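Here's the structure we're looking at; comments come further down.
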Amino acid sequence: MTYEVYRDWILENNLPLGSGPVVDLVAGSAAGGTAVLCTYPLDLARTKLAYQVSDASQSFRGGTSGVYRQHTYSGIKEVLSMAYKEGGPRGLYRGIGPTLIGILPYAGLKFYIYEELKRHVPEEHQNSVRMHLPCGALAGLFGQTFTYPLDVVRRQMQVENLQPMTSDGSNKRYKNTFDGLNTIVRTQGWRQLFAGLSINYIKIVPSVAIGFTVYESMKSWLRIPPRERSKPA
């Protein structure tokens with residue numbers, strides 16, 4: 001319900017955003033950013049646990065290959081503990097830059113598109129699950145497509161310390177988010193920024209659709225009063 005709190009705060013403080021779709025965009029972005037800040041260390045742990053390997057072989061362009069050994073984590077607690085030892089509080093938030101850059105437009109677009117689609121639905125179907133599901137699915141589809149390249153950079157930055165050392169003794173490949181985007185496009189091509197997007201649709205689209213349906217059901221269950229209906233643009 002963070003989105004509703006931010007939306008009400010914007011409207012109550014008469015910020016110069018009007019009362020239409022722009023408010024949905026800003027409130028959704030703020031809600032998404034808040035969620036990321038509160039849960040990011042757990043997302044970092046999930047990514048590292050999913051990516052970890054005990055032994056791996058690496059082939060180099062010159063034709064030689066090498067075997068390197070990486071630490072295998074026993075669980076979330078060990079991941080968080082080692083991340084803190086390696087970089088302090090900043091170690092727990094490694095890669096949060098591209099995450100925030102990605103989640104702010106993603107969450108904002110998701111709520112914006114969802115609310116805009118709802119404005120075109122007849123009044124008698126506003127509380128229908130058959131309306132919530134497709135509107136949520138489309139919101140997740142478009143939001144994920146526009147922001148997926150940032151998610152690719154985020155995950156690569158999260159697992160940099162699991163990569164073998166480069167010739168200069170460092171395993172950090174990207175200085176920041178935009179350097180990551182430029183490097184991937186230059187070395188792997190722009191298509192790499194969307195690698196795995198189709199598989200991600202299988203997870204994100206139904207997840208967002210169900211999420212918005214539950215969101216609407218919870219609003220009804222908590223007896224949150226409906227908003228004044230605005231006319232579609």
Side-chain angles (χ1 to χ4, degrees), residues 29 32-33 35-37 39-73 79-80 82-110 140-205 207-208:
S29 296
V36 167
L37 290 173
T39 62
Y40 187 79
L42 294 175
D43 185 61
L44 177 69
R46 176 179 65 90
T47 300
K48 288 193 174 188
L49 286 171
Y51 188 85
Q52 69 180 352
V53 291
S54 56
D55 290 285
S57 298
Q58 181 186 23
S59 297
F60 301 95
R61 290 186 178 181
T64 60
S65 61
V67 176
Y68 60 94
R69 180 178 292 274
Q70 295 290 352
H71 178 79
T72 301
Y73 300 107
V79 175
L80 298 178
M82 291 194 67
Y84 186 83
K85 288 180 181 178
E86 291 172 0
R90 295 183 63 181
L92 295 174
Y93 286 86
R94 174 67 183 166
I96 196 171
T99 303
L100 285 174
I101 293 174
I103 199 64
L104 294 179
Y106 169 66
L109 282 171
K110 185 174 67 175
L141 178 71
F142 287 113
Q144 183 68 189
T145 302
F146 293 143
T147 61
Y148 188 76
L150 296 170
D151 194 52
V152 171
V153 176
R154 171 181 68 87
R155 294 193 182 280
Q156 292 200 18
M157 290 182 72
Q158 284 181 331
V159 298
E160 279 180 337
N161 68 328
L162 299 180
Q163 300 289 340
M165 294 292 183
T166 58
S167 58
D168 62 357
S170 171
N171 54 11
K172 287 182 169 49
R173 294 179 292 174
Y174 310 132
K175 297 178 182 178
N176 51 52
T177 304
F178 297 106
D179 179 58
L181 291 171
N182 289 330
T183 301
I184 292 174
V185 172
R186 186 176 64 254
T187 61
Q188 303 175 53
W190 67 269
R191 291 179 181 274
Q192 185 62 29
L193 293 176
F194 294 92
L197 178 59
S198 58
I199 295 177
N200 212 48
Y201 282 151
I202 299 175
K203 178 188 75 171
I204 291 295
V205 173
S207 174
V208 175

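Note that this is a predicted model, so its numbers are computed, not measured.
Between I204 atom CD1 and I199 atom CD1 the span is 13.0 Å, to the nearest 0.5 Å. Q192 CD to T183 OG1: the interatomic distance, rounded to the nearest 0.5 Å, is 12.5 Å. Distance check: I202 CD1 to L197 CG gives 10.5 Å after rounding to the nearest 0.5 Å. For the atom pair CG of L100 and CG of L150, the computed distance is 11.0 Å after rounding to the nearest 0.5 Å. Distance CG/D151 to CD1/I103: 8.5 Å, rounded to 0.5 Å. To the nearest 0.5 angstrom, L80 atom CG is 7.5 Å from L44 atom CG.
Nearest heavy atom pair, residue S29 against residue G108, reads OG-CA, 3.3 Å. Taking every heavy atom of both residues into account, G32 and A107 meet most closely at CA-CB, 3.8 Å. Of all the heavy atoms in F194 and P149, the pair that sits closest is CZ-CG, 3.6 Å. Across all non-hydrogen atoms, the minimal contact from N200 to Y148 is ND2-CE1, 3.7 Å.
No side-chain donor-acceptor contact under 3.5 Å links Y106 to the backbone of F146.
Scanning for ring pair (Phe, Tyr, Trp, His ring centres under 6.0 Å) contacts around Y93 gives Y40, with sequence neighbours left out.
Counting only heavy atoms from C-beta outward, the side chains of T145 and Y201 approach each other to under 4.5 Å. Proximity of L141 to V208: side-chain heavy atoms (C-beta onward) are nowhere separated by under 4.5 Å.
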